[in-house]
Protein chains: 2
Amino acid sequence: MIVSSHPTLEHSHATAGSATQQAYLALRRMIVTGDLKPGEKLKIDVLRKRLDTGASPIREALSLLTSDQLVERFDNRGFRTAATSHANFTEILNLRCVLEDMALRSSIAHATETWEEALVLSHHRLAKQPRTDVEAFETRHKAFHMALLANCDSPMLLRYCGQLYDLNIRYRYLAGRALDYQRRDVTREHAGIMHAAIDRDAELASERLLNHYRQTGAFLSGLFAGGAPGSS
Amino acid sequence: MIVSSHPTLEHSHATAGSATQQAYLALRRMIVTGDLKPGEKLKIDVLRKRLDTGASPIREALSLLTSDQLVERFDNRGFRTAATSHANFTEILNLRCVLEDMALRSSIAHATETWEEALVLSHHRLAKQPRTDVEAFETRHKAFHMALLANCDSPMLLRYCGQLYDLNIRYRYLAGRALDYQRRDVTREHAGIMHAAIDRDAELASERLLNHYRQTGAFLSGLFAGGAPGSS
DNA sequence: TCCGTCACTTTTCTCGATATTTTTAGCCCA
DNA sequence: TGGGCTAAAAATATCGAGAAAAGTGACGGA
C-alpha cells in the first residue's frame with residue numbers, strides 16, 4: 001500500500017525481512033523522527049547494541065540510507081546523520097515545489113479511475129486518523145501526498161518526491177509539536193487539493209498543493225530564526 | 001576539482017582509499033560504461049573474485065551504488081544493475097532539462113569571478129582532450145557540465161544533476177560509438193553555452209544547454225527504435 | 001608556551017566461516 | 001503430461017575475530 005521511497009522495502013510494518021532491512025527501517029525512523037540528532041556520529045558498535053544485531057547489517061543499512069540523504073558516509077571515518085540547516089530546509093522546500101508540481105500535473109494528466117479511487121481512499125484514511133498518534137498520522141499523511149502523485153508517469157520523479165518528502169518531514173519532527181498544526185484547517189486543505197485533482201483541474205490542484213507546502217514552509221522557516229531546530 | 005555525485009569520493013583517480021571505496025569506483029565505472037549490462041545479476045562471489053577483494057566491500061559498494069540508481073537491491077535476492085528502457089531514458093532527459101535549467105539559472109544568478117574562471121578552465125580542458133580516449137573525454141565533459149552548474153546555491157540540486165548526468169552518460173556508452181558525434185559541432189555548442197553563461201545571459205545559456213541535451217536525446221532516442229540499447 | 005612526535009585507545013573496516021534463504025532439479029502421483 | 005512436493009545446490013546474508021586506520025593525550029624540545 002504505502003509507497004516507500006526505497007525500492008527495497010515493500011511492507012509497511014512487516015513482521016521481519018532481513019536483519020539489514022529491519023536495521024534500515026529502524027534507523028530510518030530514528031533519524032526522521034529526530035531520535036538520532038542531525039549531524040550525530042553513528043558509531044557502529046553503539047547502534048549494533050541498540051538494535052541488537054550484527055555490525056554488517058548496520059553498516060549496510062547505513063549505506064542504504066545514504067540514498068535517502070539521511071546519512072552521510074566518510075571513508076574510514078564512519079557515518080553520521082545528515083546535518084540540518086535553514087539553507088537545507090529551503091532547498092528541500094524549493095525542490096519539492098518544482099518536482100511535486102511536475103508530478104502532480106503528470107498524475108492528473110494520466111488520471112484513471114483506479115488512481116482516483118486510491119486517492120479518495122488515502123484521503124479518507126488520513127481524515128480518520130487522530131493526531132494523537134503522531135507516527136501513524138504522518139504515515140497516512142505521506143500516503144495521501146504520494147497518492148496524489150502516484151499516477152505520474154515517471155518513477156524517478158516519484159522517487160525524488162518521496163525522498164524529499166521524508167527529508168521535509170524530518171524538519172517537522174525536529175520542530176516538535178510547535179506546529180501542530182498552527183491555526184490552519186489542514187484537513188480542509190487536503191480535501192481541497194484532492195477535489196481539484198479529481199476534477200482534473202491541474203492548475204488549481206497544483207496551486208493548492210504548493211500553497212499547502214509553502215505555508216508550512218514559511219512557518220517552519222520562521223522557527224529557524226527563533227533558533228529551534230537544526231544543528232549548525 | 002571534479003565534482004563527484006557522491007560525497008564519499010573526493011579524488012578523481014586516487015591511488016587508494018578503502019577497499020569499499022575502490023570497489024565502489026570500479027563497479028560504478030563498469031556499470032556506467034556498460035561493462036556490466038543493464039539488468040544484469042550481480043553475484044557477490046563473481047564480483048569478489050573479479051575485483052579481488054572481500055564480500056563485505058562488494059556488498060557495501062553495491063549498497064552505495066543504490067544511491068546513484070545504478071544498482072537495485074532485492075531483499076534476500078541480491079543486487080542487479082538498473083534496467084534501461086526507452087521510457088527510462090526519456091524520464092532522465094526530462095528531469096535533466098528541468099533540473100539543469102534551474103541549476104544553471106541559479107549558477108548564473110550567483111556568478112562570481114572564481115566560478116567564471118573555473119568554467120573557462122574546464123572548457124579549455126575539454127576542448128584539448130582528444131576523443132580517442134573515451135573515458136578521459138567523458139570525465140572532462142562531465143566536469144565542464146558540472147562547472148556550469150557548480151555555482152548554483154543548492155547542493156541537493158547539484159547532486160541530482162550529477163546523478164542524472166551519469167545515468168544519461170550510461171546510455172551514451174550503451175549506444176556505443178554510434179553517436180560519436182553525429183554531425184554536430186559539439187565543441188562549438190559547448191563554447192556557445194559557456195559564453196552565454198559568462199555573459200550572464202541565463203536565458204540564452206539555458207536555451208543552448210537544453211538544446212544541446214535535446215539533440216543528443218533525440219538522436220539516442222531514435223536508436224531505441226532501431227533496437228540498439230536497453231534490456232527490456 | 002607552543003608545536004611535533006610517539007605510544008595508546010578507540011573505531012572503522014575487512015576477512016573467512018557459518019547460517020539462512022532462494023533456486024534448481026528430480027521425483028512421485030494424479 | 002503436468003502440477004506439486006522434497007532434497008540438493010547455489011547464492012545471499014550474518015556473525016565474530018582480527019587488521020588497519022583515525023583519534024587522543026602525554027611527553028619533550030625549542
Side-chain angles (χ1 to χ4, degrees), chain A residues 4 6-11 14-28 30-31 36-37 39-67 70-83 231, chain B residues 4 6-11 14-28 30-31 36-37 39-67 70-83 231:
Chain A
S4 163
H6 209 284
T8 300
L9 10 102
E10 310 276 313
H11 331 281
T15 50
S18 63
T20 298
Q21 194 63 249
Q22 287 179 285
Y24 173 81
L25 292 171
L27 289 170
R28 180 196 185 80
M30 290 201 279
I31 297 170
L36 293 170
K37 303 213 171 47
E40 185 175 342
K41 184 86 208 294
L42 297 170
K43 293 187 197 164
I44 307 289
D45 214 51
V46 173
L47 296 176
R48 196 187 62 64
K49 279 166 187 155
R50 188 157 168 193
L51 300 187
D52 188 39
T53 182
S56 314
I58 297 287
R59 197 151 245 292
E60 202 166 318
L62 290 174
S63 296
L64 289 171
L65 281 163
T66 277
S67 301
L70 289 169
V71 165
E72 282 179 320
R73 181 182 182 276
F74 304 89
D75 205 51
N76 277 336
R77 228 164 290 179
F79 301 86
R80 45 182 65 228
T81 60
S231 55
Chain B
S4 163
H6 209 282
T8 301
L9 10 102
E10 310 275 315
H11 332 283
T15 51
S18 63
T20 298
Q21 194 64 248
Q22 287 179 287
Y24 173 81
L25 291 171
L27 289 170
R28 179 197 186 79
M30 290 200 277
I31 296 171
L36 293 170
K37 303 212 171 47
E40 185 175 342
K41 184 86 210 290
L42 298 170
K43 292 187 199 165
I44 308 290
D45 214 50
V46 173
L47 297 175
R48 197 186 60 65
K49 279 164 187 156
R50 190 158 168 193
L51 300 188
D52 188 40
T53 184
S56 314
I58 297 287
R59 197 149 242 293
E60 202 166 317
L62 290 174
S63 295
L64 288 171
L65 281 163
T66 278
S67 301
L70 289 169
V71 165
E72 284 180 319
R73 181 181 183 278
F74 304 89
D75 204 51
N76 277 336
R77 227 164 288 180
F79 301 85
R80 45 183 64 230
T81 60
S231 56

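Every chain is numbered from 1, with letters handed out A, B, ... down the list of sequences. Given the structure is predicted, the values throughout are model-derived calculations rather than measurements.
Look at B:Arg73 and you won't find any side-chain N or O under 4.0 angstrom from OP1 or OP2 of D:dT12. Taking side-chain N and O atoms only, B:Thr20 has a distance below 4.0 Å to OP1 or OP2 of C:dT14. Distances shown here put every side-chain N or O of B:Thr53 at or beyond 4.0 Å from the OP1 or OP2 atom of C:dT14.
Distance, B:Gln22 CD to D:dA20 P: 14 Å, rounded to whole Å. Atom-to-atom, CD of B:Glu60 to C1' of C:dT14 comes out at 10 Å; the value is rounded to the nearest Å. As rounded to whole Å, 16 Å separates atom P of D:dA20 from atom CG of A:Asp75. One can place CZ of B:Phe74 at 13 Å from P of D:dT12, the figure rounded to the nearest angstrom. Straight-line distance from the CZ atom of A:Arg77 to the P atom of C:dT12: 12 Å, rounded to whole Å. If you measure from atom CG of B:Asp52 to atom P of C:dC15, you get 9 Å, rounded to the nearest angstrom. Put simply, CG on A:Leu64 is 16 Å from P on D:dT12, counting in whole angstrom units. When rounded to the nearest whole Å, the span between CD of A:Gln21 and P of D:dT12 equals 17 Å.
Taking only side-chain atoms of A:Asn76, from C-beta outward, the nucleotide of D:dA22, D:dC15, C:dT14 with the closest atom is D:dA22.
Nucleic acid contact for B:Ser56: base, since at least one base atom lies under 4.0 Å from a heavy atom of the residue.
With respect to the salt-bridge test (charged N to carboxylate O, under 4.0 angstrom), the residues B:Glu60 and A:Arg73 qualify.
Shown here are the salt bridge (charged side-chain N to carboxylate O under 4.0 Å, His left out) partners of A:Arg80, two or more places apart in sequence or in another chain: there are none.
Formation of a donor-acceptor pair under 3.5 Å by the B:Thr81 side chain with backbone atoms of B:Lys37 is found in this model.
Counted by atom type alone, B:Ser18 and A:Asp75 present one or more donor-acceptor pairs between their side chains at under 3.5 Å.
Between A:Leu36 and the choices A:Arg28, A:Arg50, A:Lys41, the side chain to side chain contact (heavy atoms under 4.5 Å, CB included) rule is met once, by A:Arg50.
Residues of residues 41-51 of chain B having a heavy atom closer than 4.0 Å to DNA chain C: none are found.
Rounding to the nearest 0.5 Å places CG of B:Leu62 at 7.0 Å from CD1 of B:Ile31. Once rounded to the nearest 0.5 Å, the distance linking OG1 of B:Thr20 with CG of B:Leu25 reads 11.0 Å.
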